[in-house]
Amino acid sequence: MDRNKFSAIAHRNHAFSNPISETKMMKMLEMISLDSLDTVIDIGSGKSELIIRLIEKYNVSATGIELYEGAIKEAKRNANGRIPDDRLEFIVGDARTAIDKCIKEGYELGMCIGSTHALGGLESTLQTLNRVVKKNGYILIGEGYWKQSPSKEYLAALGGVDESELKTHAENVMVGEDLGLVPLWSYVSNDDEWDEYEWLYSSSIENYCQENPDDSDRDAMLNRIRKWRTTYLKWGRDTLGFGLYLFRKSI
């Protein structure tokens, strides 16, 4: 099964590809003060809706780092006609390598929403963004957390995830504080936001497979999404949270 295709289909109906509502996301942007001379970097930018809205709002210049060329093609289609072509550039490749091309830049805002795994986890991602963001600049992170201790069955259903791979909501904030960052704000997804995200994810695949019965990946995609849906309903809804964290670099 083509996993990139699966992901593209599953997330096509959700603006930001995470369970934070658009309302909360836009309120978070209101807390960030930027102008047209500022630069922004987004690690794991995906289809780049958040970057595009920042450019629309502040006319900043932005760089998106994204591993999958298909996501960048979608991002370019998404940006077409909305922002000037010279305001958004992409670096295609692994984040650990691509970020080295950006170290000398002084960004006003560094972001990584739901992609901290690309740099080895929350702490290493915050350390990296702390290096490339200017003093008094902003860091915006989207990260999962445990609402409660996950069951062994849930961890196994997630593919053998170790409980230590995520922290609690409070611990996520403290990771930034321990690095000298100042926490300014946080939003977390509520049950309605999670349900909307997961059911959009599920229904996108179900509808695609219904409408494309001859797709060679159809059975594999249905098997995967139905297992995922059961896992979410049985364990994930009560156990896994997602938070958006805004920090400011003070030193």
Side-chain angles (χ1 to χ4, degrees), residues 2-8 10-11 14-20 25 28-29 32 34 38-55 60-79 87-134 137-145 158-159 161-162 164-167 171-172 175-176 178-181 242-249:
D2 186 335
R3 293 182 181 273
N4 292 339
K5 179 175 73 174
F6 180 94
S7 180
H11 288 122
H14 200 284
F16 300 108
S17 301
N18 68 69
I20 294 287
M25 194 72 77
M28 189 70 88
L29 296 190
I32 301 171
L34 301 173
D38 291 329
T39 55
V40 173
I41 187 167
D42 187 6
I43 298 169
S45 56
K47 58 186 181 182
S48 300
E49 179 63 26
L50 187 57
I51 298 180
I52 293 167
R53 295 200 189 192
L54 279 165
I55 296 171
V60 295
S61 297
T63 299
I65 295 176
E66 174 55 46
L67 181 60
Y68 301 111
E69 292 190 18
I72 291 177
K73 289 179 181 178
E74 185 174 355
K76 290 178 177 179
R77 288 194 297 268
N78 194 24
R87 287 290 169 175
L88 176 57
E89 67 170 358
F90 292 99
I91 299 175
V92 184
D94 179 83
R96 295 174 192 264
T97 302
I99 197 68
D100 291 338
K101 302 177 183 179
C102 309
I103 291 289
K104 295 181 181 179
E105 298 288 341
Y107 295 93
E108 189 65 27
L109 169 63
M111 304 189 295
C112 184
I113 312 297
S115 296
T116 61
H117 59 275
L119 289 173
L122 176 61
E123 184 173 2
S124 58
T125 298
L126 285 171
Q127 289 172 337
T128 298
L129 291 176
N130 201 20
R131 292 204 313 271
V132 302
V133 167
K134 296 178 181 178
Y138 301 92
I139 294 174
L140 182 60
I141 292 284
E143 178 75 346
Y145 67 90
L158 292 176
V161 170
D162 192 288
S164 64
E165 292 183 28
L166 292 180
K167 305 178 183 300
E171 288 169 341
N172 281 349
V175 171
D178 289 344
L179 293 173
L181 300 172
F242 189 85
L244 196 63
Y245 305 92
L246 179 64
F247 297 95
R248 194 155 197 184
K249 180 176 178 179

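Expressed to the nearest 0.5 Å, how far CD1 of Ile55 lies from CG of Leu88 amounts to 4.5 Å. Note that the CD1 atom of Ile43 and the CG atom of Leu67 stand 13.0 Å from one another [nearest 0.5 Å]. A distance of 10.0 Å separates CD1 of Ile32 from CZ of Arg248, quoted to the nearest 0.5 Å. Note that CD of Glu89 and CD1 of Ile51 are 10.0 Å apart. Values are rounded to the nearest 0.5 Å. Here the straight-line distance linking atom OG of Ser45 with atom OH of Tyr68 works out to 13.0 Å at 0.5 Å rounding. Taking OH from Tyr245 and CG from Leu181, the interatomic distance works out to 14.0 Å, rounded to the nearest 0.5 Å.
When all heavy atoms are compared, the tightest approach of Gly46 to Ala75 is O-CB, 3.8 Å. Closest approach of Glu123 and Leu179 over heavy atoms only: O-CD1, 4.1 Å.
Every residue was checked against the side-chain hydrogen bond (donor to acceptor under 3.5 Å, both in side chains) condition with Thr97, not counting sequence neighbours, and none meets it. For Ser115, the side-chain contact (heavy atoms from CB on, under 4.5 Å) criterion is met by Cys112, His117, not counting sequence neighbours. Applying the side-chain hydrogen bond (donor to acceptor under 3.5 Å, both in side chains) test to Glu171 and every residue at least two apart in sequence or in another chain returns Thr168. Residues meeting the ring pair (Phe, Tyr, Trp, His ring centres under 6.0 Å) test with Tyr145, sequence neighbours left out: His169. In terms of the side-chain contact (heavy atoms from CB on, under 4.5 Å) criterion, residue partners of Lys73 (sequence neighbours excluded) are, by chain and number, Arg77. Take Thr116 and apply the side-chain hydrogen bond (donor to acceptor under 3.5 Å, both in side chains) test, not counting sequence neighbours, and it matches Glu143. The side-chain contact (heavy atoms from CB on, under 4.5 Å) check on Glu165 picks up Val161, Asp162, with sequence neighbours excluded. In terms of the side-chain hydrogen bond (donor to acceptor under 3.5 Å, both in side chains) criterion, residue partners of Glu49 (sequence neighbours excluded) are, by chain and number, Arg53, Asn78, Arg82. With sequence neighbours excluded, the residues forming a side-chain contact (heavy atoms from CB on, under 4.5 Å) with Ala98 are Ile65, Ile91, listed by chain and number.
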(message) Would Leu50 and Leu29 count as a side chain to side chain contact (heavy atoms under 4.5 Å, CB included) here? Give the steps.
(response) CA-CA 9 Å; Leu50 187 57; Leu29 296 190; 3.8 Å; yes
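Contact annotation: the side chain of Ile20 approaches that of Phe242 to within less than 4.5 Å [non-hydrogen atoms, C-beta and beyond]. Residues Gln127 and Leu119 fail the side-chain proximity criterion, which asks for heavy atoms closer than 4.5 Å. Side chains of Leu140 and Met28 form a contact here, defined as non-hydrogen atoms less than 4.5 Å apart. Put simply, the side chain of Leu129 reaches to within 4.5 Å of the side chain of Ile141, judged on heavy atoms. In this structure, Ile99 and Ile41 have side chains that are in contact, with non-hydrogen atoms separated by less than 4.5 Å. For the pair Phe247 and Leu126, the minimum side-chain heavy-atom distance is below 4.5 Å. Two residues are said to be in side-chain contact when any heavy atoms from C-beta on lie closer than 4.5 Å; Ile113 and Phe16 fail this criterion. Val92 is not listed as a side-chain neighbour of Glu66, based on a closest heavy-atom distance of 4.5 Å or more.
For the side chain to side chain contact (heavy atoms under 4.5 Å, CB included) criterion with Met111, the lone passing option out of Ile139, Val133, Leu54 is Leu54.
Judged by distance alone, the side chain of Asn130 and the main-chain N or O of Lys249 form no donor-acceptor pair under 3.5 Å.
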